[in-house]
Amino acid sequence: MPENGRGSEAPQVSQAPESFEAFALASQRRLYRTAYLLCGDPDSARDLTQTTLAKLFQHWRRASAADHIEAYARTVLARTYLAERRRRLRDLLAHARPGPRPAPDHTDLRVTLMSALAGLPPRARAMVVLRYWEDQSVESVAELLKCSESTVKSQCSRSLAKLRAQLGEAHIYATGS
Amino acid sequence: MTANMSEEDRRSALLVRDAMERTVAELPSSLDLVPAAVAQGRRRKARARLALAAGIACVAGAVVFGSLTLPAGGDTPTTVRPATSGTPSPHESVKEPEPYRTPVHVEPTSDDERAVAQLPPAERKRRAQFQQQAAVLLDELLPDTVGLIRPVDLAVSRYQAETKDGKVFPVIFSVRPSGDGSGARPCPSAALAVKGGSCAQATLPGGIKATSLSTVADSTGTTATEVHFSYGHSDVVLGVVPDAKARASAPVTNEELLAAVADSRFLELVRYADEHPMEKKQISVAGG
């Protein structure tokens, strides 16, 4: 498996781009994919990506001056996601309407992954996505989420165990192995 | 990624990563969020500037006020007054927004409007504050093409948006007690398609089902767009009505309205209106 599975699907913008539009065009798909893994549905991922890009546009002078603009964008995305989840949690607590949860007893890999990720608390989910999808180091994730490295390690390990338990069967089915 | 990991964690990480790659591979490849992001970013910038200006104005006002009212010292007797009334406002959860929108005045013509005109001052003030907050928020949530949104006095569910080129779009934001859960409507797709309309549905935070309808008026060929959903014991409607005089359709799509009502701040306003109703429990008058 390549170290960065996203390398072939979106151009990497490591230098400061000429304009916001150039950066956004080059990065939107990668941000959208990460957002999808964080949110779990395409519409919310679209909203999260758009809000992230809007925030970058708003502070473009500062963002474009960052050493690693992609890391900057990733930070904005993750923190916007967590802030949104906190707001939603407040809403849910205020207007709780119990509804049917999706049944996990199917073997479709995508749905199983999303169901498994949805079972994680938002912060743990962000850690998993940043660590195993975005290939961020423990140190980077800890800095981004403003917590200790040991917290990242322990949360990721626990989350991995949960994900593996749920993914195992679906993955075997999907790969035919 | 897998350095310094136990063998089990390493295998789990590879499994998760592989599942993630397969999952995102199913996402659509075409995506253009840049124009919408630029528009949203511009609005964010404008709001930030407005907030800064308001903050500066408040500080300047406080300094001037303080310099005029604070005693300069000496033995002059002064009267100490409470900073605010001792009686709490009945609507503390709805705060006065910073920018004030001058309401559009209507002379009371219907019984409802006459009844509102005769409400106690405290209740009228409560409704006016709610409308102020709603107008400012709707201005932020709806596209710029809708124009500046102002409340209509004597009708808590009515607002008016005016564009720079003079188009006027009535806006409805109604939270009407019903309790029968009929707010979200099914999409009448066949009938809408024949008439050139459209429909979209979405699930709002909290699992609330919302339906947005764009309908074409037979007489003018213009389009109105309205979203409906149930919240608590109320039916909620947010809609933009065409400018009949200018024969201009409501400049908002189903998706834009659904995005607006999904905003947590909007739902907070709905929650307040549901808990503290301001409209009569009836269904026959749309948006009233």
Side-chain angles (χ1 to χ4, degrees), chain A residues 1 3 5 9 20-21 24-25 28-29 32-34 36-37 42-43 45-47 49-58 60 84 87-88 90-92 94-99 109-110 112-114 116 128-129 131-133 135-138 156-157 160-161 163-164 167-168 170-171 174-175, chain B residues 1-6 8-48 202-209 230-232 255 258-259 262-265 267-268 270-271 274:
Chain A
M1 185 177 70
E3 187 59 23
E9 67 205 24
F20 167 78
E21 282 79 5
L25 278 172
Q28 60 180 348
R29 189 160 180 241
Y32 177 60
R33 290 181 162 208
T34 303
Y36 180 61
L37 291 171
D43 292 335
R46 185 178 281 264
D47 288 347
T49 309
Q50 186 178 309
T51 302
T52 300
L53 290 173
K55 286 182 175 178
L56 290 169
F57 176 87
Q58 185 185 1
W60 182 242
E84 174 62 21
R87 272 198 294 273
R88 282 196 188 188
R90 279 202 301 270
D91 286 346
L92 284 172
H95 333 293
R97 287 185 176 203
L109 183 64
R110 179 183 64 79
T112 307
L113 174 69
M114 286 310 178
V128 166
V129 172
R131 184 91 176 88
Y132 304 116
W133 172 250
D135 286 339
Q136 294 301 294
S137 65
V138 170
C156 282
S157 185
L160 272 183
L163 292 174
R164 181 176 176 76
L167 278 175
H171 194 258
T175 56
Chain B
M1 176 180 78
T2 54
N4 303 322
M5 290 171 76
S6 69
E8 189 179 354
D9 276 0
R10 194 186 67 79
R11 275 191 281 113
S12 300
L14 293 175
L15 174 77
V16 168
R17 175 56 172 269
D18 189 44
M20 286 175 168
E21 285 179 354
R22 287 163 184 269
T23 298
V24 298
E26 295 174 18
L27 289 172
S29 55
S30 61
L31 187 73
D32 188 9
L33 298 174
V34 181
V38 168
Q40 189 180 342
R42 288 209 172 100
R43 285 200 294 274
R44 293 181 69 92
K45 272 187 178 178
R47 284 202 304 275
T203 303
L204 309 182
I208 302 164
K209 302 286 183 193
S230 289
Y231 189 103
E255 288 70 23
L258 286 168
D263 189 280
S264 58
R265 293 165 297 172
L267 291 173
E268 183 61 23
V270 172
R271 184 185 66 79
D274 178 56

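In what follows, every chain begins at residue 1, and chains take the letters A, B, ... in the order their sequences are listed.
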Side-chain heavy atoms of [X] within contact of [Y], under 4.5 Å:
X: B:L14; Y: A:Y132; answer: no
X: B:Q40; Y: A:L53; answer: no
X: B:T23; Y: A:Y36; answer: yes
X: B:R44; Y: A:F57; answer: no
X: A:V129; Y: B:M20; answer: yes

Would you mind checking which part of [X] comes under 4.5 Å of any heavy atom in chain A, side chain (CB onward), backbone (N, CA, C, O), both or neither?
X: B:D274; value: neither
X: B:A25; value: backbone
X: B:R11; value: both

Exercise. Relative to chain B, which segment of A:L113 carries a heavy atom at a distance below 4.5 Å: side chain, backbone, both, or neither?
Worked result: side chain
Problem set entry | Side chain / backbone / both / neither for A:T51 at chain B, heavy atoms under 4.5 Å |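 Both backbone and side chain of A:T51 come within 4.5 Å of chain B.
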Which atom pair, heavy atoms only, marks the closest approach of [X] to [Y]?
X: B:V34; Y: A:E21; answer: CG1-CG, 4.0 Å
X: B:P28; Y: A:R29; answer: O-NE, 4.3 Å
X: A:R164; Y: B:L15; answer: NH1-CD2, 3.7 Å
X: B:D9; Y: A:S157; answer: OD2-OG, 3.1 Å

How long is the straight-line distance from [atom2] of [Y] back to [atom1] of [X], given to the nearest 0.5 Å?
X: A:R33; Y: B:E21; atom1: CZ; atom2: CD; answer: 9.0 Å
X: B:E255; Y: A:R46; atom1: CD; atom2: CZ; answer: 10.0 Å
X: B:L27; Y: A:Y32; atom1: CG; atom2: OH; answer: 5.0 Å
X: B:D263; Y: A:E84; atom1: CG; atom2: CD; answer: 8.0 Å

